[in-house]
Amino acid sequence: MPELPDVEHTRKNLERWMRGARFARVATTDSRIVRPKKPRTFVNELTGRTVERVERRGKWLRLTLDDGRRLFIHLGMTGWFEHDETAPRFERVRFELDRRGERSSVVYVDSRRWGRMIPATEDIETWKGLGPDPLADSVDVERLAARLSRRKGRTIKEALMDQTILAGVGNVLSTEALWKAKIDPRSRASAVSTSDLRAIARGLRWSIARTLAHHAKGDEGGRNPFRIYGRKGERCPRCGAELEQVTLGGRTTVFCPGCQVRRSPSR
DNA sequence: ATTATTGTTGGTAG
DNA sequence: TCTACCAACAATAA
């Protein structure tokens with residue numbers, strides 16, 4: 001479930017469930033998710049610690065602990081957290097919490113095990129290398145344009161999904177934002193203007209807000225909540241043309257050939 | 001049975 | 001060092 005709005009939803013949950021609570025017991029045997037540490041080391045380092053802060057940048061979460069250490073968490077493709085569940089399928093890491101004598105549990109569930117949990121004494125390189133977060137930070141369009149101009153061979157869609165350029169944008173968000181901005185995803189990154197980038201930034205905020213609202217309604221597992229993602233062959237909700245699909249950077253990309261205009265390099 | 005999946009990463013080549 | 005490409009990771013759903 002993992003792009004910026006989904007991870008933000010997770011952050012809010014973890015904040016409610018964990019902040020101010022102590023890890024009374026931590027249990028895992030998974031040496032894939034809990035990297036680069038061994039599960040035993042992971043358990044030893046976290047047990048007894050209290051969670052002071054739960055923050056997010058892009059698709060990464062950072063828990064700050066009372067000894068100054070941090071726990072970095074990435075949900076991969078299929079990771080999420082459950083609260084007070086006995087034994088969910090694909091349980092990978094279990095945290096038993098104590099907040100002034102009140103007990104509860106938080107379980108990390110991840111069928112494909114692409115997620116990561118990384119305890120560290122300082123911020124990890126990946127976290128430090130993340131670009132601006134389009135929800136939390138104001139996006140500097142000029143600076144973005146300067147970086148994109150150097151990505152000669154890449155499409156704007158691929159560039160938006162590069163976590164060092166913008167943090168938290170994945171396949172859904174980039175697809176939706178480019179539709180909102182009326183820009184063809186196959187346009188070269190170096191060909192989009194600063195006003196295009198402003199439109200993209202607006203499109204990102206628009207899509208993030210919609211998905212957050214969707215989560216707030218508790219609507220998981222319902223119909224496809226997106227405007228064009230996953231809707232190849234349907235009508236464009238804006239102009240009525242038939243939505244098409246291409247592959248960019250190995251990812252399925254839906255777009256509207258009617259109202260998403262291709263930017264060409266000015267040269 | 002076949003294909004696709006809301007994501008990263010490590011290797012390779014240029 | 002930077003950029004681009006691709007296989008790999010693993011389980012499920014259509």
Side-chain angles (χ1 to χ4, degrees), chain A residues 1-11 30-36 56-61 72-81 88-92 108-118 124-131 133-135 146-180 185-186 188-190 203-204 206-215 219-234 245-255:
Chain A
M1 92 127 157
E3 279 189 46
L4 190 156
D6 319 298
V7 180
E8 174 61 14
H9 180 65
T10 299
R11 188 198 66 76
D30 197 300
S31 53
R32 170 168 297 282
I33 291 163
V34 172
R35 278 196 289 184
R56 179 194 60 77
R57 182 161 187 151
K59 303 172 194 172
W60 281 92
L61 292 163
F72 293 90
I73 302 173
H74 195 289
L75 304 175
M77 193 89 103
T78 51
W80 77 90
F81 286 92
R89 198 174 176 203
F90 302 120
E91 167 176 332
R92 306 300 185 191
Y108 178 67
V109 177
D110 187 346
S111 65
R112 287 157 88 170
R113 304 203 294 163
W114 288 358
R116 291 288 152 77
M117 288 200 192
I118 306 173
I124 58 175
E125 291 304 312
T126 312
W127 173 271
K128 289 193 284 190
L130 292 171
D133 181 291
L135 178 61
R147 286 206 66 186
L148 292 179
S149 67
R150 274 179 274 125
R151 301 301 177 96
K152 290 275 183 278
R154 307 198 90 175
T155 62
I156 183 62
K157 166 88 164 14
E158 292 169 280
L160 291 176
M161 290 193 294
D162 181 335
Q163 301 302 297
T164 69
I165 290 180
L166 282 178
V169 181
N171 202 23
V172 172
L173 212 39
S174 56
T175 295
E176 296 281 294
L178 286 168
W179 175 79
K180 187 66 173 175
R186 297 166 297 181
R188 298 295 116 181
S190 52
L204 289 169
W206 165 81
S207 180
I208 291 165
R210 293 185 85 240
T211 306
L212 286 176
H214 181 74
H215 282 306
D219 250 6
E220 321 296 332
R223 283 267 157 272
N224 175 356
F226 306 113
R227 298 315 293 273
I228 70 162
Y229 176 85
R231 298 191 184 280
K232 175 185 70 165
E234 295 182 30
Q245 180 173 305
V246 291
T247 299
L248 296 177
R251 317 300 299 280
T252 296
T253 304
V254 179
F255 70 102

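Numbered from 1 within each chain, the chains take letters A, B, ... in sequence-line order.
Heavy atoms only, all atoms of each residue included: A:N171 and A:K157 are closest at OD1-NZ, 2.6 Å. Minimum heavy-atom separation, A:A177 to A:G203: CB-C, 3.7 Å. Shown here for A:V109 and A:R89, the closest heavy-atom pair between the two residues is CG1-O, 3.2 Å. Residues A:A159 and A:A189 approach most closely at CB-CB, 4.0 Å, considering heavy atoms.
Rounded to an integer number of Å, the gap from CG of A:D162 to C1' of C:dC2 is 12 Å. A straight line from CG of A:N224 to P of C:dA13 spans 17 Å, rounded to a whole angstrom. We find that CZ of A:R116 is positioned 11 Å from C1' of B:dG10, with the value rounded to whole Å. The separation between A:R113 atom CZ and C:dC9 atom C1' is 10 Å, rounded to whole Å. If you take CZ of A:R251 and P of C:dC6, they are 14 Å apart, rounded to a whole angstrom. Put simply, NZ on A:K157 is 15 Å from P on C:dA4, counting in whole angstrom units. The CG atom of A:L148 sits 16 Å away from the C1' atom of C:dA4 (whole-angstrom rounding). The CZ atom of A:R154 sits 9 Å away from the C1' atom of C:dC5 (whole-angstrom rounding).
Comparing C:dC6 with B:dA4, their P atoms sit 16 Å apart, to the nearest whole Å. Nucleotides B:dT6 and C:dA4 have their C1' atoms positioned 23 Å apart, rounded to a whole Å.
In this structure, A:R112 satisfies the cation-pi test against A:W114, with its NZ or CZ atom closer than 6.0 Å to the six-membered ring centre and inside 45 degrees of the ring normal.
Counting non-hydrogen atoms under 4.0 angstrom, A:F226 reaches nothing in the nucleic acid. Among the protein residues, A:R89 comes within range of the sugar-phosphate backbone only, with heavy atoms under 4.0 Å from sugar or phosphate atoms but none that close to a base.
Comparing B:dT6, C:dC5, B:dT5 against the side chain of A:E158 picks out C:dC5 as the nearest. Distances from the side chain of A:T126 to the nucleotides B:dG7, B:dT6, B:dT9 place B:dT9 closest.
Side chain A:R112 to base C:dT12: no donor-acceptor pair is found below 3.5 Å.
Contact annotation: A:Q163 reaches the phosphate of B:dT8 (side-chain N/O to OP1 or OP2, under 4.0 Å). Distances shown here put every side-chain N or O of A:H74 at or beyond 4.0 Å from the OP1 or OP2 atom of B:dG7.
Using modelled atom types, no side-chain atom of A:R151 and backbone atom of A:L148 make a donor-acceptor pair closer than 3.5 Å. In terms of modelled atom types and a separation under 3.5 Å, the side chain of A:R92 and the main chain of A:D110 share a donor-acceptor contact.
Once rounded to the nearest 0.5 Å, the distance linking CG of A:L4 with CG of A:L212 reads 7.5 Å.
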Canonical and wobble pairing (Watson-Crick, G-U, under 3.5 Å) of DNA chain B, dot-bracket with |: .||||.||||||||
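Taking a centre distance below 5.5 Å and an interplanar angle below 30 degrees as the stacking criterion, A:W114 does not stack against the six-membered base ring of C:dA10.
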